Amino acid sequence: MVAGSRAKPLLSRTLHILLRRSVTSPRLLEPYARATPPPSRSQSRTASSSGKGDPPPPPPPSASMDSPIKVVSHIGGGGGAIDAGKSARKPLSLWPGMYHSPVTNALWEARSSIFERMMDAGATAGGQQQQQQPQTELLTKTPAQSRTSIVYKFATDDILREQYRDPWNEVRIGKLLEDLDALAGTIAVKHCSDEDSTTRPLLLVTASVDKMVLKKPLRVDTDLKIAGAVTYVGRSSIDIQIEVTQVDQDIDMPSDPIALTANFTFVARDSITGKSAPVNRLSPETEREKQLFGEREARDKLRKRKREQKGVLENGIDKLHAEAERLNALLAEGRVFSDLPALADRNSILLKDTRLENSLICQPQQRNLHGRIFGGFLMHRAFELAFSTAYAFVGQRPCFLEVDHVDFLKPVDVGDFLRFKSCVLYTQLDSPEQPLVNVEVVAHVTRPELRRSEVSNTFHFTFTVSFDALKNGLKIRHVVPSTEEEARRILERMDAEGLFD
């Protein structure tokens, strides 16, 4: 007992000394991101932001030269990704929040000058603000011009590693989602920039995330890299593909370093009128870039065709009958639960019994560069709730597989009362080695004063369980709807996934 009581004060003093050192020592606090390949080990840098095709790295910059982009893994007294010396140049509403990860802060700081041009270049000699004009001539850019990457030095940066570690010593997926959204936004800004300070910058917002697939677990003790570029552009939309790579160093046989792929779609708006605005053209150069461009172009045409056909009945009465049959098939077991619960299938569960919910007031620290709530933060919170929903449903720690689809329907503002509602929408039990659990999360902006609630975002995630759990006899239950509205949501999602093709 005496030894234990003496150990606690000693541990507290040790932590206190370490924290003081981490605040005062710039070497502990200032890893870097560069616009070049990763630096040598002698340079203690944590992350790097690079553009393919950039000139070779210059010698280490002196104090008078431009500094590389800093990724601060711990915010101390004198550190931080936001330069407080610029506070007089831009209003508080343009500052990003302080909640975000060091990588997200570094990416935002790297592109913050784009959003300050309106104030810097728009001022006349008399101090009056003049109206900047929209971009009149579109440029043609290559994917290489927007290519950007970030390297996480998990192997050497203890503080960064601790910020991203989950309870199972893997990378926190929710926190990584924030960085992926921030990286995609930076790539979109680089593509849309015309390098002309006399034109007003576009407002770029995340429209959707499609098929973010995790191919292998992400280790938190091994360096990790995220990189991406523009793959396709429409009139006012931009498609971006991001890859997360991590090399397995503990195995003899080389494996595919790609651990995760993600596809983001951004839309451009005029920053004054709010109307859709045209974006720069894209000219793919390599065979891989041309292949991605063709795939996304075909997908865009299919999406437009489906939108045009929406609400139009094909084959008339036959289609109505087919839809009614599918709905009745889904609702049949649900009616047994309602009418004859004692006879219901014990291997099934009603959708409404899988629901979870949480709510929050959106804080200023969670805002993005536009003063609205950061889309990456919303994905982070939705993922945490989806993971908890799958955990409670399965009874074992679930394994994340993919983000099927995310829609950003309405912006979320600081001060909004936001409610996240989740449920297990359906399960796929065809493969006994890998049963699938599809979780839906819907975000609602609730306004009690107006007695109104609107859907701002929808998220769909897919989880599975470990093979060891299945080997020990774990059974996944079948989810059935009890209302027609629930059945329609299931059919809509299954159609989107092509399960009825």
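This chain uses plain numbering: 1 for the first residue, then up along the sequence. Values in this document were obtained by computation on a predicted structure and should not be read as measured data.
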Closest non-hydrogen atom pair between [X] and [Y], with its separation:
X    : Y    : answer
A277 : S236 : O-CB, 3.0 Å
A184 : F264 : CB-CG, 3.7 Å
P257 : V247 : CB-CG2, 4.3 Å
S149 : A227 : CB-CB, 3.6 Å
L330 : A487 : CD1-O, 3.7 Å
V479 : T427 : N-OG1, 3.8 Å

- Message: If you apply the rule salt bridge (charged side-chain N to carboxylate O under 4.0 Å, His left out), what do you find for R299 with E295, and how did you get there?
- Response: CA-CA 6 Å; R299 187 179 184 85; E295 291 174 356; over 6 Å; no

Taking the side chain as every heavy atom from C-beta outward, state whether [X] and [Y] have any pair of such atoms under 4.5 Å apart.
X    : Y    : value
D416 : I373 : no
K211 : E402 : yes
D495 : R326 : yes
F154 : R161 : yes
V394 : I476 : yes
L378 : L418 : yes
S146 : K141 : no
N280 : V233 : no

- Message: Determine whether D239 and T265 satisfy the following criterion, side chain to side chain contact (heavy atoms under 4.5 Å, CB included), listing intermediate values before the conclusion.
- Response: CA-CA 5 Å; D239 286 353; T265 299; 3.0 Å; yes

- Task: For the pair F387 and W168, name the ring-plane relationship: parallel under 30°, tilted 30 to 60°, perpendicular over 60°.
- Result: tilted

- Query: Any idea how F459 and F461 line up, ring-wise: parallel (<30°), tilted (30 to 60°), or perpendicular (>60°)?
  - Reply: parallel

Gap separating the [atom1] atom of [X] from the [atom2] atom of [Y], nearest 0.5 angstrom:
X    : Y    : atom1 : atom2 : value
I187 : Q241 : CD1   : CD    : 10.5 Å
E297 : L302 : CD    : CG    : 12.5 Å
E440 : L351 : CD    : CG    : 8.0 Å
C423 : I490 : SG    : CD1   : 8.0 Å
T464 : Q396 : OG1   : CD    : 12.0 Å
T104 : I150 : OG1   : CD1   : 9.0 Å

Does any N or O in the side chain of [X] come within less than 3.5 Å of the main-chain N or O of [Y], such that one atom is a donor and the other an acceptor?
X    : Y    : value
Q434 : S431 : no
S388 : E384 : yes
T231 : L292 : no
Q246 : T222 : yes
E162 : I159 : no
R281 : L138 : yes

- Message: With a 4.0 Å cut-off on N to O distance, would you call E486 and R355 a salt bridge?
- Response: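 The answer is yes: the pair qualifies as a salt bridge.
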
- Query: Does a salt bridge link R488 with E492, judged by any charged N lying under 4.0 Å from a carboxylate O?
  - Reply: no

- Item | Distance-only side-chain donor-acceptor flag, S422 / T389, under 3.5 Å |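 Note: S422 and T389 side chains meet the donor-acceptor criterion.
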
- May I have the step-by-step check of side chain to side chain contact (heavy atoms under 4.5 Å, CB included) for I173 and L218, ending in yes or no? CA-CA 9 Å; I173 297 297; L218 297 173; 4.2 Å; yes

- Given salt bridge (charged side-chain N to carboxylate O under 4.0 Å, His left out), test E170 with K216 step by step and report yes or no. CA-CA 11 Å; E170 295 178 354; K216 61 181 180 179; over 6 Å; no

- Criterion side chain to side chain contact (heavy atoms under 4.5 Å, CB included) on L470 and E433, from CA distance to verdict: CA-CA 8 Å; L470 295 171; E433 293 82 14; 5.7 Å; no

- Task: Evaluate the criterion ring pair (Phe, Tyr, Trp, His ring centres under 6.0 Å) for residue pair F400 and F383; output intermediate values, then yes/no.
- Result: CA-CA 10 Å; F400 168 70; F383 173 82; 5.3 Å; yes

- Q291 atom CD: more than 12 heavy-atom contacts under 6.0 Å: yes

- Message: Other residues, nucleotides and ligands only: do more than 12 of their heavy atoms fall within 6.0 Å of CZ on R288?
- Response: yes

- Item | side chain to side chain contact (heavy atoms under 4.5 Å, CB included) assessment of R296 paired with V230 | CA-CA 11 Å; R296 301 306 293 184; V230 175; over 6 Å; no

- Message: Test of understanding: with ring-ring contact (aromatic ring centres under 6.0 Å, His included), list the residues that count as partners of F266, not counting sequence neighbours.
- Response: none

Side-chain donor-acceptor contacts of residues 404-414 below 3.5 Å, not counting sequence neighbours, with atom names and distances?
{"residue": "D404", "atom": "OD1", "partner": "T462", "partner atom": "OG1", "Å": "3.1"}
{"residue": "D404", "atom": "OD2", "partner": "N438", "partner atom": "ND2", "Å": "3.2"}
{"residue": "D404", "atom": "OD2", "partner": "T462", "partner atom": "OG1", "Å": "2.6"}
{"residue": "H405", "atom": "ND1", "partner": "D210", "partner atom": "OD1", "Å": "3.2"}
{"residue": "H405", "atom": "NE2", "partner": "D407", "partner atom": "OD1", "Å": "2.9"}
{"residue": "H405", "atom": "NE2", "partner": "D407", "partner atom": "OD2", "Å": "3.3"}
{"residue": "D413", "atom": "OD1", "partner": "R372", "partner atom": "NE", "Å": "2.8"}

